[in-house]
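The structure under discussion appears below in the form of structure tokens.
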There are 2 protein chains.
Amino acid sequence: MDVNKIENTVIFQGMSEREISDALEGLNAVKKKYKKGTTILHAGSTTKRMGLVLEGSVTIENNDVWGNRIILSHVGKNQFFAETYGLLADEPMLVDVVANENCQILFLTIGFLHRGTLRPKSWTTKIMSNLLIISTHKNLLLSGRNFHTAPKTIRGRVMSYLNSVSIQKGTTVFDIPFDRQQMADYLNLERTALSKELRKMKDDGLIDFHKNNFHLMESLEL
Amino acid sequence: MDVNKIENTVIFQGMSEREISDALEGLNAVKKKYKKGTTILHAGSTTKRMGLVLEGSVTIENNDVWGNRIILSHVGKNQFFAETYGLLADEPMLVDVVANENCQILFLTIGFLHRGTLRPKSWTTKIMSNLLIISTHKNLLLSGRNFHTAPKTIRGRVMSYLNSVSIQKGTTVFDIPFDRQQMADYLNLERTALSKELRKMKDDGLIDFHKNNFHLMESLEL
DNA sequence: TCAACTACGTGGTTATAACCACATACATCT
DNA sequence: AGATGTATGTGGTTATAACCACGTAGTTGA
């Protein structure tokens with residue numbers, strides 16, 4: 001396992017090279033590749049492992065039998081998924097994890113961590129501390145979607161989402177990680193209705209966009 | 001501080017009485033009372049403390065300037081809130097915490113925990129491990145709301161929510177912790193529209209209810 | 001360069017949830 | 001008990017998002 005590539009990810013923050021390679025061994029680190037569109041983890045199943053996206057990106061989504069899709073979040077390079085289910089190893093997953101593009105995943109077995117079965121080594125406490133940060137951030141992310149899907153109007157949802165991305169990226173011009181259908185599924189909207197409203201917002205001078213590149217206009221009103 | 005009352009809460013799980021009282025001191029435990037309707041923590045502010053509900057209950061909500069309310073969750077006795085913001089002590093809160101009834105809160109200062117400034121004592125790792133569990137469960141809770149608010153129809157949302165409560169409580173007759181307005185704000189609906197749909201669902205033999213007591217009928221269809 | 005496929009957008013229709021105004025039931029207080 | 005206040009329900013109207021069918025643009029591949 002190549003330590004250099006991952007020593008800067010949140011989960012190994014503050015750890016020495018030695019600790020990291022101990023941790024990688026202790027956590028049974030396994031690398032795996034997936035083709036775009038593949039389901040990496042299936043809703044209903046359980047897992048003792050969390051995932052770190054080394055290359056590519058994945059989406060966390062729920063697909064019901066009628067073909068409806070809910071997208072909870074997008075997980076990009078150097079970000080994590082399934083840490084919740086990995087830790088609570090018995091909890092059946094409510095979501096699928098799907099490869100959004102060809103990607104490479106590092107799996108880490110964390111299901112035993114909180115049980116204290118392992119005698120505490122220096123790396124275990126550090127990993128747990130870092131997992132805590134990851135979990136709390138994931139919390140903010142899920143809260144975020146709750147807010148973006150709250151406005152009754154399409155325009156309200158779009159603005160809530162685009163604003164948050166803009167603030168996060170620190171610029172009014174930015175790419176979003178979703179295509180239209182995904183954006184609609186993230187904002188809990190119907191795709192064509194979203195298209196229409198985006199058009200209107202462009203006509204109204206609120207935003208500009210091309211594909212998944214968006215430009216938030218400074219609102220002229222005080 | 002009376003240890004007996006709280007030794008069974010999740011955050012002190014697996015700790016000796018001695019560890020618990022050390023932890024209470026180290027976490028600067030403070031008890032406080034709030035009257036129904038009081039805002040305990042304000043959106044926009046930061047906090048280094050998390051809350052444990054000793055008595056009563058609180059709601060986690062967002063109130064915008066136009067009077068719209070979003071309820072993210074209900075936190076009952078022996079449950080926790082603001083652990084996310086307490087840990088990420090710089091993160092401005094996106095939500096208010098409001099006393100749902102007269103209540104008593106135990107505040108624990110956890111803002112320093114993950115920084116490793118404190119030299120590791122036996123209780124710190126245990127608290128962190130337990131916080132991890134709490135955080136991941138909070139994650140599932142937030143995911144839950146994302147799912148309950150996803151169906152396009154009022155009936156779909158109500159069923160999604162009531163089903164999850166029913167499963168969680170293990171019975172088809174149960175109380176929900178919300179009044180109508182709160183239920184509407186949780187499911188992202190307008191109150192009167194919710195009332196009407198509940199009535200229709202009763203007429204259709206899907207559910208029965210009186211106030212906040214609900215009865216899920218076994219669906220007759222295969 | 002043409003064909004096939006996918007992503008995206010548009011027009012028109014309809015179902016339905018929001019909204020408003022009000023009624024009724026229920027609880028609280030003196 | 002009566003009065004006040006709050007929670008809940010109902011009827012009617014309207015705005016709007018979902019839905020369906022189709023067109024167009026943009027991409028991939030032979």
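Just so we're on the same page: letters track the sequence lines, and every chain starts at 1.
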Row check, B/Phe80 ring normal vs B/Lys138 NZ/CZ: under 6.0 Å, within 45°: no
I'd like to know whether A/Glu83 forms a side chain to side chain contact (heavy atoms under 4.5 Å, CB included) with B/Thr136, so could you lay out the CA-CA distance, the side-chain angles of the two residues, the decisive distance to 0.1 Å, and finally the verdict. CA-CA 8 Å; A/Glu83 72 287 342; B/Thr136 49; 5.6 Å; no
For nucleotides 8-18 of chain C, list the nitrogen or oxygen atoms of the protein found under 3.5 Å from its nitrogen or oxygen atoms, one pair per line.
from   : atom 1 : to       : atom 2 : distance (Å)
C/dC8  : OP2    : A/Arg180 : N      : 3.1
C/dG9  : OP2    : A/Arg180 : NE     : 2.9
C/dG9  : OP2    : A/Ser195 : OG     : 2.8
C/dG9  : N7     : A/Arg191 : NH1    : 2.9
C/dG9  : O6     : A/Arg191 : NH2    : 3.2
C/dT10 : OP1    : A/Arg199 : NH1    : 2.4
C/dG11 : N7     : A/Lys196 : NZ     : 3.4
C/dG11 : O6     : A/Lys196 : NZ     : 3.2
C/dG12 : O6     : A/Lys196 : NZ     : 2.4
C/dA18 : OP1    : A/Lys152 : NZ     : 3.4
C/dA18 : OP2    : B/Glu190 : N      : 3.3

Separation of atom CG in B/Asp185 from atom C1' in D/dT8, rounded to whole Å: 14 Å
Once the angle between the rings of A/His148 and A/Tyr161 is folded into 0 to 90°, is it parallel (under 30°), tilted (30 to 60°) or perpendicular (over 60°)? perpendicular
Below 30° counts as parallel, above 60° as perpendicular, anything between as tilted: where do the rings of B/Phe107 and B/Phe81 land? perpendicular
Output the rounded distance in Å from NZ (B/Lys202) to C1' (D/dG9). 11 Å
I need the B/Lys196 NZ to B/Leu189 CG distance, nearest 0.5 Å. 12.5 Å
